[in-house]
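For reference, the structure is listed below as structure tokens.
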Amino acid sequence: MQQHLTDKNIALDLVRVTEAAALAAARYIGRGDKESVDAAAVDAMRIAFQGLHVRGTVIIGEGEKDHAPMLFNGEKVGFGDGMEVDVAVDPIDGTSCAAFGRPNAIAAAGIAVKGSMFNPGHSFYCEKIAVGREAAGVIDIDAPVKDNIINVAKALGKNVNELNVFVLDKPRHTKLIQDIRLAGARVMLHSEGDIMAAIMAVDPQAPIDMLIGVGGTPEAVVSACAIKGTGGQMLTRLAPRSEAERDAIIADGIDLKTIRSIDDLITSDQCYFSVSGVTDGELLDGVRYKGEYAITSSLTSRGRTGTRRYIQAWHDRAKLSKMSSVAY
């Protein structure tokens, strides 16, 4: 029975979870209220998980870093039958983007067979570099930025000045941005969203060729779930931003020096992922409205096959709200 359940493509059910979070959060786009965006997404995601036939335990939760409402680590989710799974959620990646009406806010969730998902403990930040299938194997997290850019451009058959590199627009990346520009590549700055950055780095439809920088460790695990099976590559190493974070990681017994790949973050190909757009982005449209309908744009993937599906759904808001007790 367990083998039969793990053969089912749960990503097609998981998409309802991220759709619910996106729809609920979309009611607060542009209102300047980050807490309401997060709370709406978390509540809707928690309710939607009840319809998923899994026995899930949240490994990557929401809230501690951002002081937000939580789907807390250790919380049990799912209908309570089916396969046992580890769960990683980011009800809203890009909370400020949604709150202030900026692009690239998403709702994301990943699941993997129990025991296969890396638990980062108290690590909030890590170095990361990600590329798609064609450039897998040519990146080195310890190499100079220029060397990585030259090697990736060569692997993609591009000139360096055609390479689009995603970097979070943060003060910690001032020198990184300078180095990328000095190497001749284009820097694509975003205020938030390194989950979508990793997805775009491995997606041939996306305008991003490479992700570099320091971003969220929980987001790295979610990203690994998303790009497992694509043939792309992501390398990470924990990068605590404070002594308190460093001490907590050491107390967790986690090695700070280890370089972790996708296969270290998600050790099984029995993993599934879904992301839905909240506001418009380069890869997914945000929630849109037409009459009584809300329209969502989502991407799902499955680690075993590497299949990625783009799904547009039209939701009857009145019926959904009546069924779920969430105002859509």
Side-chain angles (χ1 to χ4, degrees), residues 34 38 58-75 86-96 108 110 112 116-131 139-145 148 165-180 187 189-199 201 210-227 233-267:
K34 292 172 58 177
D38 249 328
V58 176
I59 303 298
I60 304 296
E62 162 74 0
E64 185 176 355
K65 185 174 71 172
D66 298 322
H67 306 291
M70 298 181 77
L71 268 162
F72 59 86
N73 291 359
E75 181 173 349
D86 295 336
V87 177
V89 299
D90 199 333
I92 297 293
D93 185 28
T95 309
S96 293
S116 63
M117 186 177 288
F118 174 66
N119 186 340
H122 292 87
S123 173
F124 295 145
Y125 293 96
C126 69
E127 300 173 68
K128 58 183 75 172
I129 179 170
V131 293
I139 55 174
D140 181 348
I141 203 167
D142 287 320
V145 171
N148 277 313
V165 183
F166 180 107
V167 180
L168 287 173
D169 190 6
K170 306 292 183 182
R172 62 180 179 266
H173 289 148
T174 299
K175 184 177 186 304
L176 173 64
I177 292 167
Q178 292 173 345
D179 289 344
I180 295 170
V187 178
L189 291 174
H190 291 68
S191 60
E192 298 182 68
D194 52 344
I195 292 177
M196 186 53 76
I199 295 171
M210 188 178 186
L211 159 67
I212 309 179
V214 173
T217 308
E219 288 85 348
V221 179
V222 178
S223 300
C225 201
I227 61 184
Q233 185 181 24
M234 181 173 67
L235 301 176
T236 68
R237 181 167 51 206
L238 304 188
R241 305 296 295 169
S242 68
E243 286 302 316
E245 183 181 348
R246 178 182 295 275
D247 292 345
I249 295 168
I250 293 171
D252 287 335
I254 300 174
D255 185 1
L256 286 163
K257 297 180 180 180
T258 299
I259 297 172
R260 295 176 176 87
S261 68
I262 294 169
D263 292 337
D264 296 312
L265 299 176
I266 305 292
T267 60

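For this chain, numbers begin at 1 and follow the sequence in order.
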Distance from [X] atom [atom1] to [Y] atom [atom2], nearest 0.5 Å?
| X | Y | atom1 | atom2 | answer |
| --- | --- | --- | --- | --- |
| Thr217 | Glu219 | OG1 | CD | 8.0 Å |
| Arg172 | Ile177 | CZ | CD1 | 10.5 Å |
| Ile92 | Glu192 | CD1 | CD | 10.5 Å |
| Leu211 | Ile129 | CG | CD1 | 8.0 Å |
| Phe124 | Ile249 | CZ | CD1 | 9.0 Å |

Determine the minimum heavy-atom distance between [X] and [Y], stating which atoms define it.
| X | Y | value |
| --- | --- | --- |
| Gly110 | Cys225 | CA-SG, 3.7 Å |
| Ser116 | Asp86 | N-OD2, 3.2 Å |
| Thr267 | Asp264 | CG2-O, 3.9 Å |
| Pro218 | Ile60 | CB-CG2, 3.5 Å |
| Ala226 | Ile199 | CB-CG1, 3.9 Å |
| Ser261 | Leu235 | CB-CD2, 4.2 Å |

_Treating Asn148 as the side-chain partner and Ile139 as the backbone partner, does any N or O pair qualify as donor plus acceptor under 3.5 Å?_
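Side chain of Asn148 to backbone of Ile139: no pair is present.
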*Check for a donor-acceptor pair, side chain of Asp38 on one end and backbone N or O of Pro91 on the other, with a separation under 3.5 Å.*
no
Taking only residues two or more places apart in sequence, or in another chain, which ones meet [X] in a side chain to side chain contact (heavy atoms under 4.5 Å, CB included)?
| X | value |
| --- | --- |
| Asp169 | Leu189 |
| Ala224 | Met234, Ile262, Leu265, Ile266 |
| Thr258 | Asp255, Arg260 |

Tell me, please, which residues at least two apart from [X] pass salt bridge (charged side-chain N to carboxylate O under 4.0 Å, His left out).
| X | answer |
| --- | --- |
| Asp194 | Lys128 |
| Asp263 | Lys228 |
| Lys175 | Asp179 |

Check side chain to side chain donor-acceptor pair (under 3.5 Å) between [X] and all other residues, then give those that pass, not counting sequence neighbours.
| X | answer |
| --- | --- |
| Asp140 | none |
| Ser191 | none |
| Asn119 | none |

_Per the side chain to side chain donor-acceptor pair (under 3.5 Å) rule, what does the pair list look like for residues 235-250, sequence neighbours excluded?_
Glu127-Arg237, Asp142-Arg237
*Could you check Ser96 against Lys34 for side chain to side chain contact (heavy atoms under 4.5 Å, CB included), going step by step and ending with a plain yes or no?*
CA-CA 6 Å; Ser96 293; Lys34 292 172 58 177; 3.5 Å; yes
*For His173, which residues count as a ring pair (Phe, Tyr, Trp, His ring centres under 6.0 Å) partner, sequence neighbours excluded?*
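Once residues adjacent in sequence are excluded, His173 has no partner under the ring pair (Phe, Tyr, Trp, His ring centres under 6.0 Å) criterion.
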